[in-house]
Every structure is written in C-alpha cells, then in structure tokens.
Amino acid sequence: MKQSLVRPEEADALDFSGFISRGFLHFSDGLRYRLVLGDTVADARAEDITLHGQPLDSMSERQFRVAFNSYVRLGGFSEAWNGKAIGAGVPGQIQGMDLRGLEYEESGLVYRNEIIAQIRQDGGISANAATLDGRLTVA
C-alpha cells in the first residue's frame, strides 16, 4: 500500500493511484520533528525539531553535510529547490529554498545506483519496509 502525506483539504482531489508531484523522503533516523498543518499550506511549519535528541535551535553555529542528488542540487528544473514558487498545484505562491548557491562537493556517485546497492546489501525490500518510529508526527 502506498502512503502519502497530503493536506486534508487536498485528499479528495488527488489521484493516489499514480505519481503525486510533492512530498519528501526522510531517511535520517536521528532527525525528529512535529509538522503543524496550520489553516493553509502557507501556515504549515515544522516544530520541536531535534537531531540525535538535541534541539536543532541549539546547533545554529554547527555546519552539517547533507547529501542531495544532482537534480535537487541544480534547482530541480522548475521545482522548489531554485528559489521559485513551489509548483505541483500547491496554492499560495510559497517560495522554495534556492540550493544552487550552497557550497557543494561532487562525489561522482550516482544516487540511484547507491540506493540499489543498499537495497541489495540489505537483502531487498519487504512489504513492511517502512518503520513507523516517530521521526515525524503531524499535529
């Protein structure tokens, strides 16, 4: 069964049998937060963000290394990673973050190949591959 997190007011208008052009992948088991939906998509916010049990606000002086695929790092070609308004039918002209100006290091790795290698190393994907462990809660 596919699951997607969408706003309650969108649920009836979306076709969940196909691709939904929004959402996120959350791989880090150390990152935890609460998503507050708000009255509109523009009011949505993340709260109570922690990394390995420490409040993210207490780490404002630290630098972190984050892995992105080249599609996202180069601006997502009309998606939300280039400072333009988020598309995909999201109302409100919400400006996305522009990642193109961030310092980066090219690894030479192909994201898709690394994911496939990890899946093979782990013995495949089972029907119960997703683990609900509290990384994200929705208010």
Side-chain angles (χ1 to χ4, degrees):
M1 171 182 18
K2 285 194 267 184
Q3 292 188 354
S4 297
L5 177 63
V6 297
R7 295 191 55 82
E9 66 269 17
E10 293 181 299
D12 291 337
L14 294 172
D15 177 6
F16 291 97
S17 66
F19 177 73
I20 299 174
S21 181
R22 63 177 153 282
F24 57 91
L25 295 174
H26 181 163
F27 291 113
S28 174
D29 64 353
L31 182 66
R32 312 265 174 188
Y33 58 97
R34 183 167 61 98
L35 184 61
V36 178
L37 294 178
D39 292 333
T40 68
V41 69
D43 297 327
R45 63 194 180 280
E47 293 184 350
D48 303 325
I49 305 168
T50 62
L51 182 61
H52 300 292
Q54 300 298 313
L56 193 61
D57 290 343
S58 71
M59 301 180 202
S60 62
E61 300 300 318
R62 289 187 56 190
Q63 288 188 357
F64 296 92
R65 183 175 291 206
V66 179
F68 292 104
N69 61 28
S70 58
Y71 176 81
V72 171
R73 190 195 64 76
L74 293 172
F77 311 105
S78 298
E79 295 293 337
W81 304 110
N82 56 18
K84 295 180 182 176
I86 296 171
V90 174
Q93 293 297 309
I94 300 167
Q95 183 176 342
M97 182 176 179
D98 193 345
L99 300 178
R100 297 171 299 174
L102 296 177
E103 183 180 325
Y104 72 93
E105 178 182 320
E106 187 63 54
S107 70
L109 300 172
V110 177
Y111 187 74
R112 175 189 64 245
N113 294 348
E114 297 305 309
I115 296 292
I116 291 169
Q118 186 66 49
I119 290 169
R120 287 181 177 152
Q121 179 180 320
D122 292 346
I125 298 175
S126 71
N128 298 321
T131 302
L132 300 177
D133 65 0
R135 295 175 194 198
L136 167 68
T137 58
V138 179

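Reckoned from all heavy atoms, side chains included, excluding hydrogens, waters and symmetry mates. Small disclaimer: the values here were computed from a predicted structure and weren't measured.
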Once rounded to the nearest 0.5 Å, what's the spacing between atom OG1 of Thr40 and atom CG of Asp43?
3.5 Å

Atom pair CD/CD of Gln63 and Glu103 - distance to nearest 0.5 Å:
7.5 Å

If two hydrophobic side chains count as joined below 4.5 Å and joins carry through other members, does Val66 share a cluster with Leu109?
no

So do Leu136 and Tyr33 actually touch side chain to side chain, heavy atoms under 4.5 Å?
yes

Linking I/L/V/M/F/W/Y whenever any side-chain heavy atoms sit under 4.5 Å apart, do Ile119 and Tyr111 land together?
yes

Report the distance from atom CZ of Arg45 to atom CZ of Arg34, rounding to the nearest 0.5 Å.
7.5 Å

If you count every heavy atom of other residues, nucleotides or ligands that lies below 6.0 Å from Asp122 atom CG, does the total exceed 12?
yes

Any heavy-atom pair between the side chains of Leu31 and Arg135 that's under 4.5 Å?
no

To the nearest 0.5 Å, tell me how far Gln121 CD sits from Ile116 CD1.
14.0 Å

Could you give the distance from CD (Glu114) to CZ (Arg112), rounded to the nearest 0.5 Å?
11.0 Å

Leu51 versus Phe64: any side-chain heavy-atom pair under 4.5 Å?
yes

Can you give me the closest heavy-atom contact between Gly53 and Thr50, atom names plus distance?
C-CB, 4.2 Å

Honestly curious: do Ile49 and Met59 fall in one hydrophobic cluster under the side-chain, below-4.5 Å linking rule?
yes

To the nearest 0.5 angstrom, please state how far the CG atom of Asp48 sits from the CG atom of Leu56.
11.5 Å

Using the rule side-chain contact (heavy atoms from CB on, under 4.5 Å), only one of Leu35, Val36, Thr137 pairs with Glu47; which is it?
Val36

